Amino acid sequence: MKITLPAIGLTGLLVLAGCGGNLGSSGDSGSTAAYPERAVTLLIGQDAGGSTDLIGRALADPASKDLGQAITVQNRPGANGAVAAKELAAAKPDGYTVMVFVGSLAYITPLAVPADQAVDINNYEVVTGISQDDFVLIANPQTGFKTVQDVVAAKRPIKFATTGVGTGSQLTQTLLFAQAGVDATAVPFNGGAPALTAVLGGQVDVAAVQLGEAKEQIEAGKAVPLVTFATQRPSYMPDTPTATEAGFNVPVQQSRAIVAPKGTPKEVVDRLRTAFQKGFADQAYKDFNTKRLLTANEVDGAALLQQWNGSLQTYRDLVAQHKIDLSAK
């Protein structure tokens, strides 16, 4: 069995944007007394139009209402969010720069990049978890694939699209094909949309993308769902088995959180958490989650760190067990 993967390099750009609000607090003192007095920058380390971008924008609007002023989102994609995360780490810890941080950057990318390029979620202040979503493995109908076993039975090299190196899309497929004994080669793209396009255009055989990104094409019959990596079958794909049902141990999900620089005052973190909690309760945001097939994961920072640190260890163990080198060094 051979899994061919590309080398990883940390490249990308980052742009900052801002928003803010005014709110006094008689119990506070010093610079945090009227937080926020000016723009709060929300960094998105992924492309505009992708899942993380859409989630950030959907949440920023109602959260900004509680803060009292708009939250402006700007995108600077690069290295699965690592470029934005490193910029965040260097920002002043005053609550005026925060980020939508993707879980894969914390618990998958460290398995694919050199140690000096890995981002450690424990070096940030987690404001709140946001949501989780699952991956589905899809195929172009022309392949004739309808199940994972069809891929195995093809007995030929397989090309699979990923949303980038160090992502859940890469890890799900790499683990699956390693366990299935499939000779597979990764073709990395910068996000779910181009990976999906590659499947539809026949450039690759299959791709693992997030459920919300694939739903429309699946319903239109333009993409065939082979297996999901969800804990249970999604309601709109009741006939598609999970990886566990298909006999494979691939417990990979994507997750997101709002994160601030280390050392941000607790009262500021708490104020931000309150604003985002108000956003979670907004009906338009709830409807967005339903439409995008997202599962709420609106936990506090301590719970989020426990989840993500646990996932890192789980994936590290699985990669070692199956002798997978995500960086292809």
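What you see is a predicted model, and the numbers here were worked out from it, not measured in a lab. Below, all heavy atoms of this structure are taken into account, side chains as well, without hydrogens, waters or symmetry copies.
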Legend entry - Atom NZ of K262: over 12 foreign heavy atoms under 6.0 Å: yes

Legend entry - By side-chain contact (heavy atoms from CB on, under 4.5 Å) - contacts of P261 (at least two apart): L88, A91, P93, T264

Legend entry - Which residues share a salt bridge (Lys or Arg N to Asp or Glu O under 4.0 Å) with D47, sequence neighbours left out: none

Inset, instruction - Using the test salt bridge (Lys or Arg N to Asp or Glu O under 4.0 Å), find all partners of E245 that sit at least two apart in sequence or belong to another chain. - result: R233

Inset, instruction - State which residues pass salt bridge (Lys or Arg N to Asp or Glu O under 4.0 Å) with D120; sequence neighbours excluded, sorted by chain then number. - result: none

Legend entry - Results of side chain to side chain donor-acceptor pair (under 3.5 Å) for K278 - residues two or more places apart only: D66

Legend entry - Pairs touching residues 212-228 that satisfy side chain to side chain donor-acceptor pair (under 3.5 Å), sequence neighbours left out: S51-E213

Inset, instruction - Applying ring-ring contact (aromatic ring centres under 6.0 Å, His included), name anything that partners Y107, two or more places apart in sequence or on another chain. - result: W308, Y315

Inset, instruction - With sequence neighbours left out, write down each residue that passes side chain to side chain donor-acceptor pair (under 3.5 Å) with R316, or none if nothing qualifies. - result: none

Legend entry - For S104, all residues meeting side chain to side chain donor-acceptor pair (under 3.5 Å), sequence neighbours excluded: N80, Q254

Legend entry - K92: salt bridge (Lys or Arg N to Asp or Glu O under 4.0 Å) partners, not counting sequence neighbours: none

Legend entry - Residues in side-chain contact (heavy atoms from CB on, under 4.5 Å) contact with R57, at least two apart in sequence or another chain: D53, V73, N75

Inset, instruction - State which residues pass side chain to side chain donor-acceptor pair (under 3.5 Å) with Q232; sequence neighbours excluded, sorted by chain then number. - result: none

